[in-house]
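In this chain, residues are counted from 1 in sequence order.
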Amino acid sequence: QVQLVESGGGLVQAGGSLRLSCAASGRTFSNYAMGWFRQAPEKEREFVAAISGGGAITYYADSVKGRFTISRNNVENTVYLQMNSLKPEDTAVYYCAAAANLGRVRAWFNCDYWGQGTQVTVSS
């Protein structure tokens, strides 16, 4: 089992920045690819970013490319999502997830473990 706990959400004005954290406990953290997803009200959960177990490979949704950065610290068992130039359309509940490999973690239905989510609200 892997337990994931997100933090760092909040209310920010458009153009601002937030950094989300996801602390993991349980099995060996570096064995898992990690991803961030988000879900806005009445919308489906969507992929945001993913990172390989070692941290060398990253993927981003087109909507966040150039604005968001995913990173991880395998000593501290934490994955981060740095969000810059935030837009009102980034408003959502953000979830971190873990999966066995990078290919699986980019699809929410393939992820094995989920956090409880953290709310991000961007005001215009």
Side-chain angles (χ1 to χ4, degrees):
Q1 284 279 30
V2 175
Q3 292 79 41
L4 303 173
V5 179
E6 300 99 333
S7 61
L11 173 64
V12 64
Q13 288 189 331
S17 298
L18 281 174
R19 188 175 84 153
L20 305 183
S21 300
C22 174
S25 60
R27 295 186 175 180
T28 305
F29 181 61
S30 59
N31 286 349
Y32 291 90
M34 299 297 296
W36 286 95
F37 293 78
R38 65 187 182 187
Q39 188 165 17
E42 301 183 19
K43 291 190 176 181
E44 292 188 355
R45 189 168 299 192
E46 63 173 355
F47 168 77
V48 175
I51 188 167
S52 60
I57 304 170
T58 57
Y59 287 106
Y60 297 92
D62 288 342
S63 59
V64 307
K65 204 170 292 184
R67 300 188 297 123
F68 290 11
T69 302
I70 188 170
S71 62
R72 66 190 296 162
N73 184 323
N74 285 347
V75 173
E76 296 182 354
N77 290 352
T78 304
V79 62
Y80 303 97
L81 186 68
Q82 177 67 43
M83 305 186 295
N84 299 329
S85 302
L86 282 161
K87 305 175 181 180
E89 51 264 44
D90 294 318
T91 295
V93 177
Y94 283 70
Y95 299 90
C96 70
N101 56 61
L102 198 56
R104 295 182 64 83
V105 82
R106 288 185 284 172
W108 67 265
F109 46 83
N110 284 333
C111 292
D112 300 308
Y113 304 102
W114 290 90
Q116 82 290 349
T118 185
Q119 176 70 48
V120 171
T121 304
V122 184
S123 64
S124 56

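In this structure, T78 contributes its side chain and E76 its backbone to a donor-acceptor pair below 3.5 Å. One N or O on the side chain of T118 and one on the backbone of G9 form a donor-acceptor pair closer than 3.5 Å. Here the side chain of E6 pairs a donor or acceptor atom with the backbone of Q116 at under 3.5 angstrom. Formation of a donor-acceptor pair under 3.5 Å by the N73 side chain with backbone atoms of V79 is not found in this model. Side chain of S30 to backbone of G54: no donor-acceptor contact under 3.5 angstrom is found. The closest donor-acceptor contact from the side chain of S85 to the backbone of R67 lies at 3.5 Å or more, if one exists at all.
Sorted by first and then second residue, the side chain to side chain donor-acceptor pair (under 3.5 Å) pairs involving residues 92-108 (not counting sequence neighbours) are R38-Y94. Listed by first and then second residue, the ring pair (Phe, Tyr, Trp, His ring centres under 6.0 Å) pairs that reach into residues 36-81 are F37-F47, F37-W114, sequence neighbours excluded.
The two residues C111 and A97 have their closest heavy-atom pair at SG-CB, 3.6 Å. What you find for A98 and M34 is that their closest heavy atoms are CB-SD, 3.5 Å. Contact between Q82 and S17 at its shortest, heavy atoms only, is NE2-CB, 4.0 Å. Minimum heavy-atom separation, A40 to A92: N-CB, 3.8 Å.
To the nearest 0.5 Å, atoms CZ (R72) and CG (L81) are separated by 13.5 Å. Here N77 contributes atom CG and T28 contributes atom OG1; the two are 8.5 Å apart, rounded to the nearest 0.5 Å.
Using a 4.0 Å cut-off between a side-chain N of Lys or Arg and a carboxylate O of Asp or Glu, K87 and D90 do not qualify as a salt bridge.
Within a 6.0 Å sphere centred on NZ of K65, other residues, nucleotides and ligands contribute more than 12 heavy atoms.
Between the side chains of Q3 and S25, a donor-acceptor pair is found at a separation under 3.5 Å.
No chain of hydrophobic side-chain contacts below 4.5 Å, direct or via other Ile, Leu, Val, Met, Phe, Trp or Tyr residues, connects V48 to V105. At a threshold of 4.5 Å between side-chain heavy atoms, the hydrophobic network of Ile, Leu, Val, Met, Phe, Trp and Tyr places L102 and L4 in two separate groups. Under a hydrophobic-cluster definition in which Ile, Leu, Val, Met, Phe, Trp and Tyr are linked whenever side-chain heavy atoms come within less than 4.5 Å, directly or via other members, V64 and L18 are assigned to the same cluster.
Between T91 and Q119, the closest side-chain pair of non-hydrogen atoms falls below 4.5 Å.
Looking at L86, L11, V93 one by one, the single match for side chain to side chain contact (heavy atoms under 4.5 Å, CB included) with T121 turns out to be L11.
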